[in-house]
Chemist: 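Please see the structure below; I have some questions.
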Amino acid sequence: MDRSINFRGIAGSAGNIMQGMGKFVFGNEGPESKEDSYVERYLDRISNGTIPDDRRSAMTELQSLVAESRSAQMSFGAMGFPILLNVLKEDREDVELVRGALETFVSALTPIETSQGPKTEVQPASMNSDLLSRETENISLLLSLLSEEDFYVRYYTIQLLTALLTNSLKRLQEAILLIPRGITVLMDMLMDREVIRNEALLLLTYLTRDAEEIQKIVVFEGVFEKIFSIIREEGYSDGGVVVQDCLELLNNLIRHSSSNQMLLKETMGFDPLISILKIRRGSAFNFTQQKTVNLLGALNTVELLLTGGPSSESGKDANKNANQAALAQKNILDHLLLLGVESQWAPVALRCMALRCIGNLVLRNPQNLDSLAKKQVGEEPHVQPALNAILSIILRTSIAQEFVAADFVFKCFCEKNPNGQALLASTIAPHPNQGDTHRAASDMPFGSILLQALVSSDVNEDMEACCRASSVLSHIINDNLQSKDRVLQIQLETPTPSLGRTEPLLHRIVTCLSIAASADGENNQSSHLEESYIQPVILRLLIVWLVDCSNAVNCLLESAVHLNYIIELASSKRYTACVHGLAAVVLGACVLYNASREKGRDAFAVADAISQKIGLTTYFLRFDELRKSLAHPSSKQRHRKELSRSSANSMSDFQEIEEDETNKDDQHPVLSEIFDSQFVNFLNKLESDIRENIMDIFSRTKTATAVLPAELEQKNGEVDGEYIKRLKSFVEKQCNEMQDLLARNAMLAEEFVKTGGSNTADTSQKPSSGRERVQMEALRQELEGAKRQIESLKTEKSQIEAEANHQRNLAVKMESDLKSLSDAYNSLEQANYRLDAEVKTLRQGGGVPYPDVEAIKAQAKEEAEKDSEAELNDLLVCLGQEQSKVEKLSARLAELGEDVDALLQGIGDDTAIPDDDDEDEDEDDE
């Protein structure tokens with residue numbers, strides 16, 4: 001076999017490229033040039049050597065050099081690929097040489113970290129990966145090596161393919177799809193020895209990322225059975241990183257495919273998944289970092305199953321419901337509660353993920369909702385309802401992300417669940433021992449625990465507990481009018497019980513909001529970030545409470561202090577844009593859902609207060625500021641990272657991640673989670689309704705009873721006619737003024753609504769300039785209205801004229817038709833008259849015989865023959881006369897010496913009947 005390659009030619013053509021790239025990357029230093037010569041020498045020995053041991057030795061030395069030097073990696077990429085690929089093709093029988101070639105390739109594709117040089121410089125390993133993956137033949141050659149019997153050949157081949165994936169993922173995915181049985185060969189590696197199996201598993205994990213076609217082939221090859229077989233062999237959650245790789249591969253396959261989820265459920269079921277989540281109760285010190293990561297991977301699988309697949313797929317909801325039911329049948333709720341609620345010694349990330357899975361498990365599923373409502377957690381004698389335990393987590397945890405996860409459970413529990421909301425709302429009542437702070441919360445009903453957190457904040461200044469309780473209460477009353485009214489009826493003792501008065505819970509919520517705002521305002525410069533979400537969350541509760549609930553609006557406006565305070569939140573510069581906007585929405589809800597007719601508390605009064613103390617332009621500007629402040633978190637929800645080897649360590653320490661994210665943005669991450677896209681869309685719709693309603697209010701008058709002016713009374717001695725005339729003049733004047741006022745208000749409100757977000761109004765603007773602008777706008781509106789009216793009249797006139805012409809034409813046509821009908825009628829009348837006369841004549845001569853027709857014909861023939869004979873005689877006389885004339889003329893011509901016969905020849909032919917030939921010629925001429 002001829003293994004020789006013209007290496008000098010390769011060195012001559014590629015050496016210049018290598019040197020140029022080496023100088024570009026590393027500069028013009030000497031050691032690199034020396035290493036380049038070494039690489040060239042080793043390649044020459046491998047290519048042109050005849051002694052096997054010398055070639056193997058050169059391969060070993062080349063591998064060691066490439067593994068240690070980036071310059072050698074660059075030189076090898078420029079010169080060595082064709083030579084070593086030829087070794088893999090032609091020298092399969094030399095196993096040791098093939099091993100060395102594969103190991104050298106792996107070293108050439110492995111980055112070498114160095115402290116020298118800029119971080120942005122070109123990586124030789126990345127360039128080599130790109131060069132090797134360009135040709136599909138190279139990938140096919142590597143896959144064929146997986147069938148070799150030598151263990152190290154298969155092992156280094158798998159490592160080489162994995163190294164290629166790190167830099168050329170898309171290209172390698174496309175190449176493997178083009179190679180027949182490419183995926184099948186890799187799947188067979190899962191049944192190989194453990195070391196190769198683990199490398200093949202990692203390789204498949206990379207290959208299946210965002211590659212739908214590869215995922216389909218892998219699933220068809222029975223990957224689910226192999227994954228769970230490996231997990232079982234490794235010991236489920238107690239296994240090592242191999243279990244993590246198996247779960248990552250599993251999640252890649254089901255993340256964007258409802259069909260793969262259904263196939264998993266039908267082939268394997270969910271029992272193996274439940275086995276991973278099983279932990280022993282009380283295993284406080286058994287959560288190693290790797291076990292935590294494995295459990296996080298399993299919980300991620302559960303979460304993907306509970307979402308049902310991508311939203312674009314048609315069968316997502318049906319698949320989600322089926323997965324919810326199937327997982328509930330396996331009692332997964334018990335395992336999730338143990339991980340998320342009872343195992344407070346478990347890592348934070350694990351507890352948060354388990355709580356989110358609980359929420360997704362019960363979301364809009366009546367059976368699972370009922371199961372959660374009845375669940376008890378803990379051990380005797382410390383047993384309490386699961387919902388109470390989750391509420392305790394919300395109120396007591398010091399980690400904001402755990403509060404968000406537990407709050408998500410109540411959001412899912414209350415969504416489209418009016419019975420569950422009513423159940424929770426029915427328990428909200430003051431407890432007899434509510435003042436006893438040392439009393440165990442497990443002895444109190446759910447609603448009493450919630451109420452205690454809401455109302456005790458103004459005593460111990462625990463505003464964060466009040467904020468979190470407000471979030472839970474907002475879920476309980478959301479879209480449920482009965483629950484809103486029920487909670488509205490709760491009466492609390494005032495902070496000074498000796499006065500013997502009570503106040504509604506809604507008033508206490510506003511008081512807590514004022515306490516939080518004042519505390520934040522005093523420490524605005526040095527306030528902690530945790531405080532920045534307290535006011536928005538409480539304001540969200542007020543918004544949810546007021547929407548569609550006129551009783552809540554009336555209760556809030558019972559005290560003028562509340563309205564003034566909300567106006568201050570919307571106008572003061574001390575607060576954030578989010579607080580400004582939410583306070584503006586609260587004011588808008590007080591206008592939009594206000595059914596009161598009491599003076600000072602109706603919608604007109606609230607709108608007037610907004611106009612006078614804030615200004616409509618500034619007020620509507622608050623909505624735009626709110627939209628901008630919520631646009632970032634709503635459009636960029638902080639989704640959890642996909643669990644992989646690179647993110648496993650950071651995911652297992654969730655608290656550190658949150659601290660990092662907290663420091664990156666000014667807005668607390670809690671707001672980005674609680675103010676989700678669903679709530680933002682709700683605010684946008686509500687804002688539109690508020691704008692329209694306020695514009696309508698400023699376009700109509702108040703329905704109030706006016707005081708009768710004295711001038712309307714009839715004067716002494718004034719006759720009725722003059723009195724009526726004076727009254728008519730007064731009413732006309734008042735109507736004109738009222739119409740002018742309505743037009744101005746409508747125009748002003750419309751202008752403010754349209755320009756609310758463009759510019760900030762100058763609140764100190766002089767009233768006279770404002771009136772002049774209003775008058776100018778009113779005149780402009782009147783002029784435009786007149787123009788529109790003229791155009792309308794012109795259009796109407798044209799239509800009337802066209803209709804008149806049409807009717808005129810119809811009349812002429814009908815008149816002509818009538819005349820024709822009249823003439824026809826007259827003709828019929830005459831014919832009828834004539835026929836009547838003939839009939840009468842026939843009736844009068846009834847005995848007269850009918851004439852003889854034959855006799856009449858004979859008489860007519862005889863008369864005709866007589867006439868013909870007379871005409872024939874006349875013709876003969878004429879012919880005789882003409883003949884005599886011809887004879888006389890012939891004699892005269894003969895005397896004159898003319899040939900009479902020649903002259904008379906052909907005269908008869910001119911009058912003769914033309915023969916057939918002449919007729920044919922005439923027809924042709926025609």
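Note that this is a predicted model, so its numbers are computed, not measured. Computed over heavy atoms, backbone and side chain alike; hydrogens, waters and symmetry mates excluded.
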Chemist: Using atom types as modelled and distance alone, determine if a side-chain donor or acceptor of Ser474 lies under 3.5 Å from a backbone N or O of Leu541.
Modeler: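 Such a contact is absent between Ser474 side chain and Leu541 backbone.
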Chemist: Less than 4.5 Å apart, side chain to side chain, heavy atoms only: is that true for Leu569 and Gln535?
Modeler: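 They are in contact (side-chain heavy atoms under 4.5 Å apart), so the answer is yes.
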Chemist: With a 4.5 Å limit on heavy-atom distance, are the side chains of Leu363 and Phe413 in contact?
Modeler: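 Not touching, per the 4.5 Å side-chain cut-off.
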Chemist: Just wondering, do Pro385 and Phe446 contact through their side chains at under 4.5 Å, heavy atoms?
Modeler: no
Chemist: Under 3.5 Å, is there a donor-acceptor pair between the side chain of Asn594 and the main chain of Arg601?
Modeler: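 Flag set: sc Asn594 to bb Arg601 pair under 3.5 Å.
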Chemist: Is the side chain of Ser571 donor-acceptor paired with the backbone N or O of Ile567 at a distance under 3.5 Å, no angle test?
Modeler: yes
Chemist: Please confirm whether the backbone N or O of Leu423 pairs with a side-chain atom of Ser426, one donor and one acceptor, at under 3.5 Å?
Modeler: yes
Chemist: Using a 4.5 Å cut-off on heavy atoms from C-beta on, say whether the side chain of Asp624 contacts that of Phe620.
Modeler: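 No, their side chains stay 4.5 Å or more apart.
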Chemist: I'd like to know if the side chain of Asn564 and the backbone of Ala560 have a donor-acceptor N/O pair within less than 3.5 Å.
Modeler: yes
Chemist: Would you please say whether a donor-acceptor pair under 3.5 Å links the side chains of Glu673 and Tyr533?
Modeler: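 The answer is no; no qualifying pair exists.
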Chemist: Testing the 3.5 Å rule here: is there a donor-acceptor pair between the side chains of Ser471 and Asp407?
Modeler: yes
Chemist: For atom CG of Asp479, decide whether the heavy atoms of other residues, nucleotides or ligands shown that lie under 6.0 angstrom number more than 12.
Modeler: no
Chemist: At what distance, to the nearest 0.5 angstrom, does CD1 of Ile509 lie from CD1 of Ile538?
Modeler: 7.0 Å
Chemist: Is the shortest side-chain heavy-atom distance between Asn693 and Asp689 below 4.5 Å?
Modeler: no
Chemist: Measuring only between side-chain heavy atoms, which start at C-beta, is Val579 closer than 4.5 Å to Pro536?
Modeler: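 They are in side-chain contact.
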Chemist: Please check if the side chain of Arg627 supplies one atom and the backbone of Leu683 the other of a donor-acceptor pair under 3.5 Å.
Modeler: no
Chemist: Going by atom types only, do Lys416 and Gln421 share a side-chain donor-acceptor pair under 3.5 Å?
Modeler: no
Chemist: Between the main-chain N or O of Val341 and the side-chain N or O of Arg351, is there a donor-acceptor pair closer than 3.5 Å?
Modeler: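 No.
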Chemist: Under 3.5 Å, is there a donor-acceptor pair between the side chain of Asn360 and the main chain of Arg356?
Modeler: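 Pair found, side chain donor or acceptor close to backbone of Arg356.
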Chemist: Return yes if some donor-acceptor pair links the side-chain N/O of Asn681 with the main-chain N/O of Ser677 below 3.5 Å, else return no.
Modeler: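 Present.
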Chemist: Checking the side chain of Ser470 only, and the main-chain atoms of Cys466 only, is there a donor and an acceptor separated by less than 3.5 Å?
Modeler: yes
Chemist: What class does the angle between the rings of Tyr619 and Phe623 fall in, given that below 30° is parallel, 30 to 60° is tilted and above 60° is perpendicular?
Modeler: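 Judged by the thresholds at 30° and 60°, the geometry between Tyr619 and Phe623 is perpendicular.
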Chemist: Indicate the ring-plane relationship of His507 and His562, choosing parallel, tilted or perpendicular according to the 30° and 60° boundaries.
Modeler: perpendicular
